[in-house]
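Worksheet: the structure to be examined is printed underneath.
Source: prediction; values computed, not measured. Start at 1 and go down the list; that is how both ligands and their atoms are numbered.
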Amino acid sequence: MPRPSRISLRPGGFRLDTATRLRVAPGAERAARLLRGYLTPATGLRLDHADDGTFVLALDPALTGLGEEGYGLTVAAHGVLLRAARPTGLLRGVQTVRQLLPPEALTLPSGPDTAPVGCGTHRPEPAGGTPAGAPPHRVELPGVEITDVPAHPWRGMLLDVARHFQPVTYLHRFVDLLALHKLNVLQLHLTDDQGWRMPVAAYPRLTEVGGRRAESMVGPAGSDRFDGRPHGGSYTRAELAGLVAYAAGRGVTVVPEIGVPGHVRSALAAYPALGNHPERALDVWTRWGVCTNVLGVGDHVLDFFRTVLDETMDLFPSPYVHLGGDEVPTAEWESSPAAIARAAREGLPGPRQLHGWFLGRMADHVLRAGRRPVAWAEDGAALPSECTVMSWRTPEHAWAAARRGHDVVHADHRRVYFDYARGPGPGEPPAQPGHSLDLRTVYGLDLLPPDSAPELAGRVLGAQGQLWTEFVPTPDHIEYLTYPRLCALAERAWNPDHDWPDFRTRMDGHRARLTALGVPHDTLRDRTAPAPRVTGAAPPPPRTLPPAGGSERKETAG
Ligand code: ACM
């Protein structure tokens, strides 16, 4: 999962045992480390290097048809050959090797060359009857011939750590689960009205003040109930650097998102001079919904955010930097003499156009640093032409942007917003009200329009799932909403074939892997067996989470 582009079974299989050695060709060291990080704890096998090792990891730049991420894998009785043109392809192949093993070999990695994984509540008991402390020393890979190349280069997942902060140890696990499904982008939503999680040395109040809110709204946007409990948290630079490295070791790029010029209330609470009413003291927002406070448009605000972006780019080597750009009410600008004057000075028709203008200034800055700016497509209107467009309202916005020459990433809320409930049932845990998305709906994701011209298809980078966390405070809840729907996203972004019965059959097999990793994946209605056992005492989400309420739609509650 996702289905390889070409796979055929072969007779025989390869047995990994204490005699098995890896032959690690130059350039394949990272893949070998990853493979050992997964398999050694699960099997007790060291899988040391030997020049005559029968499990070969090799780079061959002549295999150009495999591209950046493709790989070939041959498993026969006498040996295993994993080949790719580029190191990232080998990392994808390692995940396939993992999936070919019995599910109980799918433990979370640990060991000297991997960072700690899991958040305590997630470390699964060894599955499949393997007693703890006595891993099997023999596992068998089935004979197989695979050639596998992804259809799309951007296969992403957004995690909103602004609405509810998660410790970095959990982010490691989150990344590892993305990598298992060959997703290659983690978009980290680091800033929003309700919290600022990104440390900025030049402006420490962003996290000191902006990283904490007094309480949180209970229920959807518009509710008048609050929980009375402070919520906060922010990352250190070392934690984020560690996450970036951990993800890179798995072929996952962490794309930082610093949202402007809306969704900035936490920054305004820390530095009121950034706002349109510098005299006004604002708190870090405790509500959900669209906040009317947006950034002012003075030079000092542009300079401030250029510095924030510089520090962000310093920490995140990602070629892409996400600038947000969604849900920007223009009322403050329309009643601000300074904003009206700025719009006039810039030759804009009016203050509403300051939205695109502001994004354009930040996009210029990102471009000058040699990176590529990404922004949410709010509607069909033009974004600065240099922006990669992430469309969240309808796929038509993505295709319209592609026709205008933008690279695009699909993030259609009706297909891949995993903050919507997995089903309509009243027993589902809290989720974004308005829709529910079942597995089949996600699988229905289409990245290309039916009449797709080749040049248009080339501008569709891929697709990304979103996990906004207004209603999602814990890792268990994150995983309940993310899985199994992420599997359908991974499938549609990797493999262009559309075959629901085949996907569903493979999904049934894949559930054993998710179970082994302690990932919830069944629906409440068809749960017949106990939820996966987890250590650390946190019961699975369906039993711990109160029922959802409310009816606010995502379109107004992002
Ligand atoms: C969004 O959901 N406002 C991107």
Side-chain angles (χ1 to χ4, degrees), residues 154 156-164 185-195 217 220-222 255-267 285 287-295 320-330 355-356 358-359 362-363 373-381 383-384 387-398 400-401 406 408-421 431-437 441-442 445 461-472 478 481-482 485 489 550 552-558:
W154 186 306
M157 184 67 210
L158 174 148
L159 183 62
D160 169 7
V161 291
R163 269 57 172 265
H164 279 104
V185 171
L186 168 63
Q187 179 171 330
L188 210 46
H189 185 76
L190 285 161
T191 68
D192 214 306
D193 298 310
Q194 298 85 356
M217 182 172 267
V255 173
E257 180 184 358
I258 304 290
V260 291
H263 287 277
V264 289
R265 172 85 167 233
S266 59
W285 219 31
R287 302 174 167 275
W288 314 131
V290 178
C291 181
T292 53
N293 305 115
V294 301
L295 293 175
Y320 291 93
V321 177
H322 204 298
L323 298 172
D326 59 318
E327 297 175 323
V328 183
T330 52
H355 177 182
F358 196 106
L359 276 175
M362 294 301 112
V374 190
W376 295 108
E378 192 61 9
D379 52 30
L383 279 168
C387 283
T388 294
V389 165
M390 194 169 270
S391 72
W392 68 277
R393 283 203 164 137
T394 89
E396 280 72 28
H397 291 164
H406 294 277
V408 302
V409 176
H410 281 280
D412 178 4
H413 72 292
R414 288 177 195 249
R415 295 283 183 194
V416 288
Y417 266 34
F418 300 154
D419 54 331
Y420 286 133
Q432 187 72 247
H435 296 292
S436 68
L437 298 183
T441 302
V442 177
L445 175 72
L461 297 184
Q464 181 169 287
Q466 272 57 235
L467 207 281
W468 306 105
T469 58
E470 288 96 325
F471 310 105
V472 189
I478 287 173
L481 288 170
T482 303
R485 293 182 293 186
L489 163 70
E552 221 25 56
R553 290 170 63 83
K554 178 70 201 180
E555 279 89 334
T556 57

Spacing of D326 atom CG and L323 atom CG [to the nearest 0.5 Å]: 11.5 Å
Contact (N/O only, under 3.5 Å) between H263 and ligand 1: no
Can you find an N or O of W376 that's nearer than 3.5 Å to an N or O of ligand 1? no
Is it true that the side chains of E257 and W376 contain a donor and an acceptor less than 3.5 Å apart? yes
Under 4.0 Å from one or more heavy atoms of Y417, ligand 1 contributes atoms 1 (C), 2 (O), 4 (C)
Just by distance, do the side chain of Q464 and the backbone of G462 share a donor-acceptor pair under 3.5 Å? no
Check whether any side-chain N or O of T441 sits under 3.5 Å from a backbone N or O of L437 as a donor-acceptor pair, and report yes or no. no
With a heavy-atom distance limit of 4.0 Å, tell me whether E327 approaches ligand 1 through its side chain, its backbone, both, or neither. side chain
